[in-house]
There are 2 protein chains.
Amino acid sequence: MPKVSTRNRIIQKADTLFYEVGFEATSFADIAAALGLSRGNFYHHFRTKDEILDAVIAYRLDKTWAMLSAWEDTSPAPRNRILCFVRILIVNRDKIMAFGCPVGTLSAELAKLNHAAHGRATEIFALFRDWLTSQFRALGAGKQAEAHALHVLSWSQGVASIAAAFRDDAFIHREAAGIADWLDTLKLQGD
Amino acid sequence: MPKVSTRNRIIQKADTLFYEVGFEATSFADIAAALGLSRGNFYHHFRTKDEILDAVIAYRLDKTWAMLSAWEDTSPAPRNRILCFVRILIVNRDKIMAFGCPVGTLSAELAKLNHAAHGRATEIFALFRDWLTSQFRALGAGKQAEAHALHVLSWSQGVASIAAAFRDDAFIHREAAGIADWLDTLKLQGD
DNA sequence: TGGAGATTAGGACGTTTGTCCTAAATTAGT
DNA sequence: ACTAATTTAGGACAAACGTCCTAATCTCCA
């Protein structure tokens with residue numbers, strides 16, 4: 001059995017805590033205690049909090065890229081691929097209602113902290129944006145492809161935000177269906 | 001001249017710092033130093049951080065209520081009133097691109113902290129939701145009024161989130177126009 | 001004018017924070 | 001089996017945190 005390295009266990013636990021508690025509110029001790037590690041051991045792998053943050057962002061970028069690639073393999077039609085993205089809202093709705101969107105809330109927190117890693121956190125958004133853009137291009141959206149991509153990204157962000165505030169399950173389902181409907185009303189093929 | 005009380009100066013500065021830096025990341029000392037107050041003076045007005053938070057939320061509720069009331073007075077048509085709400089995105093776009101939406105980001109942070117005040121923070125959202133609902137009802141949206149209200153609220157949240165991530169000014173204008181367009185496509189009068 | 005109450009100043013407390021250090025234990029290669 | 005490198009343990013540090021305290025100052029009404 002491939003034992004997960006301590007370093008990776010730290011990254012995954014930090015990923016979870018940064019999402020569920022927040023970056024600033026999560027301390028070294030919290031992560032170490034959650035894993036049963038000594039602080040010295042922890043320090044051997046990550047010397048500063050920013051190093052962990054960078055590792056977590058890189059980890060999220062990898063996971064996101066892998067997920068998008070998988071959708072390309074399993075869903076031939078661009079429309080279905082976009083609906084895979086929308087389905088994130090449904091699949092993860094419990095976590096979203098409790099903690100919001102992991103990408104959006106981290107980006108917002110780092111922006112307020114004026115943190116150097118804000119740019120890297122935004123790369124996760126950029127990954128989704130570019131992937132969605134290429135799907136819309138494949139659908140024939142032409143020059144509007146990126147605007148459509150940002151629109152869908154923004155839509156999902158808004159849903160996550162409001163769903164978290166009101167803990168409203170029905171709202172998520174309704175808006176997810178709304179995105180699908182909107183997709184069908186698009187005037188496509190070409191500018 | 002009506003001198004602003006120390007208590008109100010604290011509330012307003014805390015309001016700003018909670019928005020621009022975050023609740024958790026703003027310390028007593030930060031607020032006191034920004035106002036040139038001693039910590040003892042500060043402590044006389046607010047004994048705990050939660051007390052300041054409650055006061056800031058109450059202050060925001062008051063400001064929001066006053067803003068919505070003013071729109072009722074100056075804009076007779078419900079459609080125009082809704083557009084007043086949308087225009088917040090344009091008017092405050094510089095702050096939104098830097099710090100996101102004050103309501104959404106505070107709500108998200110308190111949710112992660114599992115803070116008792118999360119419910120009260122959500123009341124600001126509820127204020128907007130109920131006001132928008134009554135505007136849509138006046139437009140003849142019937143049973144769908146609240147769904148429309150949440151949709152607009154969610155839409156603006158998404159725009160703030162993405163605009164903050166990418167610092168994208170054009171996107172804000174494009175989406176604000178998109179909300180106005182969507183308003184006109186609504187099938188109204190009747191449930 | 002005097003005295004009560006509100007306001008301000010600033011020191012002090014115990015914790016927790018991120019960071020750093022040394023030393024023991026484990027692992028890996030020869 | 002011996003060495004070298006990696007990993008783990010846990011103590012120590014200054015700084016900052018929220019909170020509390022007492023003493024000085026100001027304000028205002030009797």
Side-chain angles (χ1 to χ4, degrees), chain A residues 1-57 59 106 109-110 112-118 120-121, chain B residues 1-57 59 106 109-110 112-118 120-121:
Chain A
M1 56 184 177
K3 169 166 130 356
V4 180
S5 72
T6 300
R7 182 186 160 86
N8 281 339
R9 292 205 306 141
I10 291 175
I11 292 174
Q12 287 171 31
K13 183 58 76 177
D15 179 34
T16 301
L17 289 174
F18 287 176
Y19 175 35
E20 299 185 355
V21 184
F23 168 68
E24 180 88 350
T26 299
S27 70
F28 275 68
D30 290 336
I31 306 172
L35 292 170
L37 298 178
S38 66
R39 281 158 299 140
N41 189 0
F42 196 103
Y43 184 70
H44 174 256
H45 292 284
F46 296 99
R47 309 181 86 76
T48 70
K49 214 177 167 185
D50 291 354
E51 275 184 37
I52 315 177
L53 179 57
D54 282 342
V56 166
I57 293 175
Y59 173 70
L106 180 64
E109 184 180 1
L110 295 180
K112 283 181 199 288
L113 295 175
N114 222 345
H115 197 288
H118 175 252
R120 288 207 28 92
Chain B
M1 56 184 178
K3 168 167 133 351
V4 180
S5 71
T6 300
R7 181 187 161 86
N8 282 339
R9 292 204 306 140
I10 291 176
I11 292 174
Q12 287 170 32
K13 183 59 76 176
D15 179 33
T16 301
L17 288 175
F18 288 176
Y19 176 35
E20 299 185 356
V21 184
F23 168 68
E24 181 87 350
T26 299
S27 70
F28 274 69
D30 290 336
I31 306 173
L35 292 170
L37 297 179
S38 66
R39 282 159 297 138
N41 189 359
F42 196 103
Y43 184 70
H44 174 258
H45 293 283
F46 296 98
R47 310 180 87 74
T48 70
K49 215 178 168 185
D50 291 354
E51 275 184 36
I52 314 177
L53 180 58
D54 282 343
V56 166
I57 292 175
Y59 173 69
L106 180 64
E109 184 180 1
L110 295 182
K112 283 180 201 287
L113 295 175
N114 223 345
H115 197 290
H118 176 252
R120 286 207 29 92

Notebook entry, point to check: What nucleic acid atoms does B:Tyr43 come within less than 4.0 Å of, heavy atoms only: base, sugar-phosphate, or nothing?
Noted result: base
Next item on the list: Run the numbers on A:Val21 and B:Asn114 for side-chain contact (heavy atoms from CB on, under 4.5 Å), then give the verdict.
Entry: CA-CA 8 Å; A:Val21 184; B:Asn114 223 345; over 6 Å; no
Notebook entry, point to check: Between the side chain of B:Glu109 and the main-chain N/O of B:Glu24, is any donor-acceptor distance below 3.5 Å?
Noted result: yes
Notebook entry, point to check: If you write DNA chain D from 5' to 3' in dot-bracket form, with Watson-Crick or G-U pairs under 3.5 Å, [ ] for crossing pairs and | for pairs with another strand, what do you get?
Noted result: .||||||||||||||||||||||||||||.
Notebook entry, point to check: Regarding A:Lys49 and the six-membered ring of A:Phe23, is the cationic atom NZ or CZ under 6.0 Å from the ring centre and inside 45° of its axis?
Noted result: yes
Check: Roughly, in whole Å, what's the span from CZ in A:Arg7 to P in D:dT8?
Finding: 13 Å
Notebook entry, point to check: Would you say a side-chain N or O of A:Thr6 is under 4.0 Å from OP1 or OP2 of D:dT8?
Noted result: yes
Next item on the list: Taking B:Lys112 for its side chain and A:Tyr19 for its backbone only, find out whether a donor-acceptor pair lies under 3.5 Å.
Entry: yes
Checklist line | Candidate pair A:Asn41 and A:Ser38, rule side chain to side chain donor-acceptor pair (under 3.5 Å), full reasoning | finding: CA-CA 5 Å; A:Asn41 189 0; A:Ser38 66; 4.9 Å; no
Check: Just to confirm, is there a sub-4.0 Å distance from OP1 or OP2 of C:dG18 to any side-chain nitrogen or oxygen of A:Thr48?
Finding: no
Next item on the list: Please report, rounded to the nearest Å, how far the P atom of C:dG5 is from the CG atom of B:Asn41.
Entry: 20 Å
Next item on the list: Round to the nearest Å and state the distance from A:Arg47 atom CZ to C:dT17 atom P.
Entry: 21 Å
Notebook entry, point to check: Atom CZ of A:Phe46 to atom C1' of C:dG18: distance rounded to whole Å?
Noted result: 15 Å
Checklist line | Value in whole Å for how far the P atom of C:dG10 lies from CG of B:Leu35 | finding: 16 Å
Margin query: What's the closest nucleotide to the side chain of B:His44 if the choices are C:dT8, D:dC17, C:dT19?
Written below: C:dT8
Note to self: Treating B:Asp15 as the side-chain partner and B:Gln12 as the backbone partner, does any N or O pair qualify as donor plus acceptor under 3.5 Å?
What the structure shows: no
Notebook entry, point to check: Does A:Gly40 or A:Glu24 map to a spot on DNA chain C nearer the 5' end, using the closest nucleotide for each?
Noted result: A:Glu24
Check: Closest to the B:Phe28 side chain: C:dT17, D:dG18, D:dT8?
Finding: D:dG18
Check: What is the distance from NZ of A:Lys49 to C1' of C:dC20, rounded to the nearest Å?
Finding: 17 Å
Checklist line | Closest-nucleotide ordering on DNA chain C, the 5'-leading residue of A:Phe23 and B:Gly36 | finding: B:Gly36
Note to self: Quick check: closest heavy atoms across A:Ala14 and A:Val56, and the distance to 0.1 Å?
What the structure shows: CB-CG2, 3.7 Å
Check: In whole Å, what is the span from the CG atom of B:Asp30 to the P atom of D:dA15?
Finding: 17 Å
Item checked: Whole-Å gap separating P (C:dC21) and CZ (A:Phe42) -> 18 Å
Note to self: Starting the side chain at C-beta, find the nucleotide from D:dC17, C:dT8, D:dA12 nearest to A:Arg39.
What the structure shows: D:dA12
